Structures are given as structure tokens and as C-alpha cells.
A.B. asks: 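Here's a structure for you.
This structure is a prediction, so every number in the text was calculated from the model and none was measured.
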Amino acid sequence: MPQGDYIELHRKRHGYRHDFFDRKRKKEARQVHERSAKAQKALGIKGKMIAKKNYAEKALMKKTLAMHEESSTRRKVDDEVQDGAIPAYLMDRENTTRAKVLSNTIKQKRKEKAGKWEVPIPKVRPVAEDEMFKVIRSGKRKTKQWKRMVTKCTFVGPGFTRKPPKYERFIRPSGLRFTKAHVTHPELKCTFNLDIIGVKKNPNGPMYTSLGVMTKGTIIEVNVSELGLVTPAGKVVWGKYAQVTNNPENDGCINAVLLV
């Protein structure tokens, strides 16, 4: 059992404290004032960071509200049929509101479609080249410094063959090569040990993607055929993308969340 589950277990067995929800409500109510006081007192770079964060939250909220609210200025006044012919410039007048609603609906659909590919970790710490690679000195007098050893976990395909050591620029140690990942399905809340098919995108750059380097935030493709996932047409899904959520070089394994 994970270390932090004893609180949930105790609550399942004995229930909550008699004043738990009351205290929680009061704490949430106080939190707004505490945040405000903190923002007012913060000075220098800390104050700037807090202001920037609050501004981003406010802007996002305003954008969301503006997208959902419908323009109520231009409305059709009456629905009854008018006597006589109406001029050409008035024929499309009643469709104004509907067009606005339709554009809002399209915007919402586009936003949902974009949100479908949102990843669990949107921002990651950039990894410096010195941290990613170790300089290997070569030559008789050890004066040549064009070789690099990758210090992070990598993936190489099943048919991978190394170049001759003399000509190999990027050395990927076999001890840091991984072929399997622990992938968690966010809806099923289950973790599976799946084969890695390839590295789709490393957020640190295309060079790391081509080398197959796996750091936190990397999108990998995994073989999900054993999960029995099917498309609406009834075909079995073979490969799916997942995002790495841990630092594999520290943990000795790859943990990832499936992008559904």
C-alpha cells in the first residue's frame, strides 16, 4: 500500500471528523484573503512573479467567459411575416444572432479538439547540454573532444546496431537503454508494463528526439495491443502516445501517463 493512503483508509473505516467540512469551508474562504495579502506584501522579483501568475489566471478566466457568452445586441425584433416585399439588404438581417452563436459553437469545438491533446505535464524544466552529454576525450593523447556520452535514459529500436566505436559520435550506454515503460491509463486507473515503440517528441529539442533520449515530459509511443483498445470502427489500436512523468535516470524505470 502506498505510504500516503492511511488517511483515506482511516476515513473509510471511521468517517470524517465532526467539523471537517466546516473547517474546510472556512479554510477555503480564508485562502482568498491570504493570497491577496501575500500578493500585496511581496516585493521585488517575487512580487512580479505573483502578479504575472494572477494576471494569467484572470486573463484565462476572462477569455473563457467571453467565449461562452453570446452577443445579445443584435436580435430579431419580431417573428411575424411582414406585408409586402422586403428590400434585399434586409433579407439576411434575422440571421445575425444565429451566426454569432454558430461561431461560438465552432470556437468551442475547436477548443475541445485542441484540449484533447493536452498533456499531463505542459511545462518541463529545460535540460542543459552539459547535463545531457558527457564529453569523452579520445585520441592517443586524449586531446580530441568530439565524442559525447548520453547521461539520460534512451530508447533504441530492436534492430539497432552501433557504429564502429572509432566513428561513433553519440554513445548511448546499454545500461541506460529502456524498452519497456510503466504506463498508467488515466480513466481505468491501472498501470501496465508496455513495450516502447519509439520516441515521438522530446521537449528539449529535435536532436534529443532523434537520439531517442527520454526525459521528463517526453512523448513516447507504446504498444497497447494487449489492453484490447478498439477504435469506433472496431479495429484494434496498436500504438498510443504516452507522456513520461518521472526522471527515468534517477528512478531506474520509466513511468508514463497514456494520452487518451
A.B. asks: If you draw a 6.0 Å radius around CD in E168, do more than 12 non-hydrogen atoms from other residues or ligands fall strictly inside?
C.D. replies: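 It does: E168 CD has more than 12 such atoms within range.
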A.B. asks: If we ignore hydrogens and angles and just use 3.5 Å, is the side chain of T209 paired with the main-chain N or O of K201 as donor and acceptor?
C.D. replies: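 Between the backbone of K201 and the side chain of T209 there is no qualifying donor-acceptor contact (under 3.5 Å).
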A.B. asks: Return the CG to CG distance between N255 and N247, rounded to the nearest 0.5 Å.
C.D. replies: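 One finds 10.5 Å between CG of N255 and CG of N247.
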A.B. asks: What is the distance from atom CD1 of I45 to atom CG of L43, rounded to the nearest 0.5 Å?
C.D. replies: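 Here the rounded value is 12.0 Å.
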A.B. asks: Quick one, V199 and T218 - any side-chain contact, counting heavy atoms below 4.5 Å?
C.D. replies: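 They are in contact (side-chain heavy atoms under 4.5 Å apart), so the answer is yes.
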A.B. asks: Can you tell me if T151 uses its side chain to pair, donor with acceptor, with the backbone of E131 under 3.5 Å?
C.D. replies: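 Answer holds: yes.
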A.B. asks: Is there side-chain contact between V237 and T231, with at least one heavy-atom pair below 4.5 Å?
C.D. replies: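 They are in contact (side-chain heavy atoms under 4.5 Å apart), so the answer is yes.
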A.B. asks: Check this for me: does any side-chain nitrogen of one of E221 and K200 sit under 4.0 Å from a carboxylate oxygen of the other?
C.D. replies: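 No, this pair does not count.
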A.B. asks: Is there a side-chain contact between R35 and N54, using heavy atoms and a 4.5 Å cut-off?
C.D. replies: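 SC-SC contact between R35 and N54 confirmed.
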A.B. asks: First locate atom CG of L227, then atom NE2 of H185, and finally report the distance between them rounded to the nearest 0.5 Å.
C.D. replies: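 If we round to the nearest 0.5 Å, L227:CG and H185:NE2 are 7.0 Å apart.
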A.B. asks: First locate atom NZ of K38, then atom CD of E34, and finally report the distance between them rounded to the nearest 0.5 Å.
C.D. replies: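 Taking NZ in K38 and CD in E34, the distance rounds to 9.5 Å.
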A.B. asks: According to the ring pair (Phe, Tyr, Trp, His ring centres under 6.0 Å) rule, which pairs have a member within residues 199-227, sequence neighbours left out?
C.D. replies: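 Found F133-Y208.
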A.B. asks: Kindly compute the distance separating CD (E249) from CD1 (I254), expressed to the nearest 0.5 Å.
C.D. replies: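 If we round to the nearest 0.5 Å, E249:CD and I254:CD1 are 10.0 Å apart.
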A.B. asks: Should side-chain heavy atoms under 4.5 Å link Ile, Leu, Val, Met, Phe, Trp and Tyr, which residues sit in the same cluster as Y167?
C.D. replies: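 In the cluster with Y167 there is nothing else; it is isolated.
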A.B. asks: Backbone N or O of L60 within a donor-acceptor pair of the T64 side chain at under 3.5 Å?
C.D. replies: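 Looks like yes, one N/O pair under 3.5 Å.
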A.B. asks: Do Q243 side-chain atoms and V257 backbone N/O form a donor-acceptor pair below 3.5 Å?
C.D. replies: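 Side chain of Q243 to backbone of V257: no pair is present.
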A.B. asks: For V213, is there any backbone N or O sitting under 3.5 Å from a side-chain donor or acceptor partner on T154?
C.D. replies: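 Looks like no, no N/O pair under 3.5 Å.
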A.B. asks: Can you sort out the partners of F160 under ring pair (Phe, Tyr, Trp, His ring centres under 6.0 Å), two or more places apart, ordered by chain and number?
C.D. replies: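 Scan of F160 (ring pair (Phe, Tyr, Trp, His ring centres under 6.0 Å), adjacent residues dropped) gives none.
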A.B. asks: Other residues, nucleotides and ligands only: do more than 12 of their heavy atoms fall within 6.0 Å of CZ on R169?
C.D. replies: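 Yes, because the 6.0 Å sphere around CZ of R169 holds more than 12 heavy atoms from other groups.
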A.B. asks: Set out, in order, the CA-CA distance, both residues' side-chain angles and the distance that settles side-chain contact (heavy atoms from CB on, under 4.5 Å) for K240 and V183, then state yes or no.
C.D. replies: CA-CA 11 Å; K240 243 182 172 337; V183 182; over 6 Å; no
A.B. asks: With side-chain contact (heavy atoms from CB on, under 4.5 Å) as the test, would you mind laying out the steps for L258 and V222 before giving the verdict?
C.D. replies: CA-CA 9 Å; L258 205 66; V222 289; 4.0 Å; yes
A.B. asks: Just checking M207: does its CE atom have more than 12 heavy atoms from other residues, nucleotides or ligands closer to it than 6.0 angstrom?
C.D. replies: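 Enclosed: over 12 neighbouring heavy atoms sit under 6.0 Å from CE of M207.
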A.B. asks: Determine, step by step, whether V135 and R148 satisfy the side-chain contact (heavy atoms from CB on, under 4.5 Å) criterion, reporting the C-alpha distance in whole Å, the side-chain angles of both residues, the deciding distance to 0.1 Å, and the verdict.
C.D. replies: CA-CA 5 Å; V135 178; R148 299 286 181 272; 3.7 Å; yes
A.B. asks: Does R177 reach the main-chain N or O of R172 with its side chain, forming a donor-acceptor pair under 3.5 Å?
C.D. replies: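 Yes; at least one donor-acceptor contact below 3.5 Å.
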A.B. asks: Just checking R11: does its CZ atom have more than 12 heavy atoms from other residues, nucleotides or ligands closer to it than 6.0 angstrom?
C.D. replies: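 Enclosed.
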A.B. asks: Donor-acceptor pair, K216 side chain versus R125 backbone, under 3.5 Å?
C.D. replies: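 Side chain of K216 to backbone of R125, a donor-acceptor pair under 3.5 Å: no, none is there.
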A.B. asks: Rounded to the nearest 0.5 Å, what separation is found between the NZ atom of K147 and the NZ atom of K166?
C.D. replies: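 K147 NZ to K166 NZ: 9.5 Å, rounded to 0.5 Å.
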A.B. asks: With no hydrogens and no angle check, is any side-chain donor or acceptor of N246 less than 3.5 Å from a backbone partner on C253?
C.D. replies: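 Checked: pair present.
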A.B. asks: M61 vs K58, test: side-chain contact (heavy atoms from CB on, under 4.5 Å). Steps then yes/no.
C.D. replies: CA-CA 5 Å; M61 194 187 292; K58 196 175 178 182; 5.8 Å; no
A.B. asks: Under a 4.5 Å cut-off applied to non-hydrogen side-chain atoms, are K53 and E57 in contact?
C.D. replies: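 K53 reaches E57 side chain to side chain.
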